[in-house]
Amino acid sequence: GENVGLHLPTLSVQEGDNSIINCAYSNSASDYFIWYKQESGKGPQFIIDIRSNMDKRQGQRVTVLLNKTVKHLSLQIAATQPGDSAVYFCAETRRPLSGYSTLTFGKGTMLLVSP
Amino acid sequence: EPEVTQTPSHQVTQMGQEVILRCVPISNHLYFYWYRQILGQKVEFLVSFYNNEISEKSEIFDDQFSVERPDGSNFTLKIRSTKLEDSAMYFCASSENRSGNTIYFGEGSWLTVV
């Protein structure tokens with residue numbers, strides 16, 4: 001299994017900057033890739049998803065890019081605000097033989113936005 | 001905005017005791033899940049549930065765990081004979097479909113086993 005620990009990669013930015021959070025995935029057969037935001041003591045909050053046959057998808061202030069060649073996913077947040085400070089997880093859907101998809105989460109990146 | 005609600009928000013239990021964590025999924029959702037997150041680690045899948053039966057479960061979800069939908073609104077996770085390593089945040093989630101890309105999580109129940 002993956003080696004996970006207490007120390008998350010951290011991205012520190014200034015308010016108003018653009019942020020880019022990266023994620024590497026392993027399963028080429030995933031149908032969807034999703035970004036979740038998790039604030040301290042709260043559950044993961046859905047931000048945006050992208051289907052595996054797409055390269056880019058835009059939402060409000062966020063853009064997700066998918067590079068299947070190198071199995072890389074990124075989340076771009078425009079004009080980052082202090083309220084964006086949280087841990088960001090990428091997740092991929094896996095559909096086992098049962099047909100019912102499950103989410104597999106990545107390790108997470110902590111985003112710290114200073115005013 | 002509809003949300004998944006969980007109770008209790010925090011429970012402390014003695015090793016060996018049974019706990020039941022409760023969840024009310026979003027009302028029009030048909031697929032229900034439990035995930036857990038050990039402190040400082042990533043979120044891990046435990047079990048999915050549809051049409052009153054388990055549809056998928058992970059290796060973590062052994063005989064110590066069970067799920068139930070006792071009525072039309074609640075979805076519960078029972079952990080029997082709790083161990084210290086069961087201490088974690090347990091998240092309930094629900095979705096409209098089984099594609100997995102629109103799963104909404106509750107705020108979590110923090111379980112501490114002492």
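Heavy atoms only: backbone and side chains are in, while hydrogens, waters and symmetry mates are out. Predicted model, so just to flag it, every value in this text is computed and none were measured. To find a chain, count down the sequence lines: A is the first, B the second, and so on, and within it residues start at 1.
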Report whether B:Phe65 and B:Val67 are members of the same hydrophobic cluster (ILVMFWY, side-chain heavy atoms less than 4.5 Å apart, transitive linking). yes
Same cluster for B:Val24 and B:Val19 if Ile/Leu/Val/Met/Phe/Trp/Tyr side chains link at under 4.5 Å? no
Can you establish whether the number of heavy atoms outside B:Asp71 located under 6.0 Å from its atom CG is more than 12? yes
Taking B:Tyr35 for the side chain and A:Leu103 for the main chain, is one N or O donor matched with an acceptor at less than 3.5 Å? yes
If you count heavy-atom pairs within less than 4.5 Å of chain A, which of B:Cys92, B:Ser55, B:Gly108 leads? B:Ser55
Hey, could you give me the OG1/CD1 distance between A:Thr93 and B:Ile103, rounded to the nearest 0.5 Å? 8.5 Å
Count the heavy atoms of every other residue, nucleotide or ligand shown that sit under 6.0 Å from CD of B:Gln14, and state whether that count exceeds 12. no
Side chain to side chain contact (heavy atoms under 4.5 Å, CB included) between A:Gln38 and B:Gln37: does it pass, once the steps are laid out? CA-CA 12 Å; A:Gln38 187 178 29; B:Gln37 185 178 31; 2.9 Å; yes
Which atom pair, heavy atoms only, marks the closest approach of B:Tyr33 to A:Ser101? CE2-O, 3.9 Å
Given a strict heavy-atom distance threshold of 4.5 Å, which part of A:Tyr36 is in contact with chain B: side chain, backbone, both, or neither? side chain
For chain B, which of A:Glu39, A:Glu92, A:Lys42 has the most heavy-atom pairs under 4.5 Å? A:Lys42
Are B:Val47 and B:Phe32 linked, directly or through intermediate hydrophobic residues, by side-chain heavy-atom contacts shorter than 4.5 Å (ILVMFWY only)? yes
Counting only non-hydrogen atoms closer than 4.5 Å, does B:Gln6 touch chain A with its backbone (N, CA, C, O), its side chain (CB onward), both, or neither? neither
Can you classify the ring geometry of B:Tyr104 versus A:Phe46 as parallel (below 30°), tilted (30 to 60°) or perpendicular (above 60°)? tilted
Taking it one step at a time, do B:Glu44 and A:Phe105 satisfy side chain to side chain contact (heavy atoms under 4.5 Å, CB included)? CA-CA 7 Å; B:Glu44 302 174 289; A:Phe105 283 82; over 6 Å; no
Decide if atom NZ of A:Lys68 counts as having more than 12 heavy atoms of other residues, nucleotides or ligands within a radius under 6.0 Å. yes
Quick check on A:Asp31 against chain B: is it the side chain, the backbone, both or neither that has a heavy atom closer than 4.5 Å? neither
Nearest-0.5 Å distance, OG1 of residue A:Thr102 to CG of residue B:Leu46: 11.0 Å
Could you state whether B:Phe45 and B:Phe75 fall into the same hydrophobic cluster, counting links through intermediate Ile, Leu, Val, Met, Phe, Trp or Tyr residues with side-chain heavy atoms under 4.5 angstrom apart? no
Is it true that atom NZ of B:Lys83 has more than 12 heavy atoms of other residues, nucleotides or ligands lying nearer than 6.0 Å? yes
Flag yes if A:Phe33 and A:Met54 sit in one hydrophobic cluster, no otherwise; membership is Ile, Leu, Val, Met, Phe, Trp, Tyr, and two members link when side-chain heavy atoms are under 4.5 Å apart. yes
Would you name the heavy atoms of A:Pro44 and B:Phe105 that are closest together and state the gap between them? O-CB, 3.4 Å
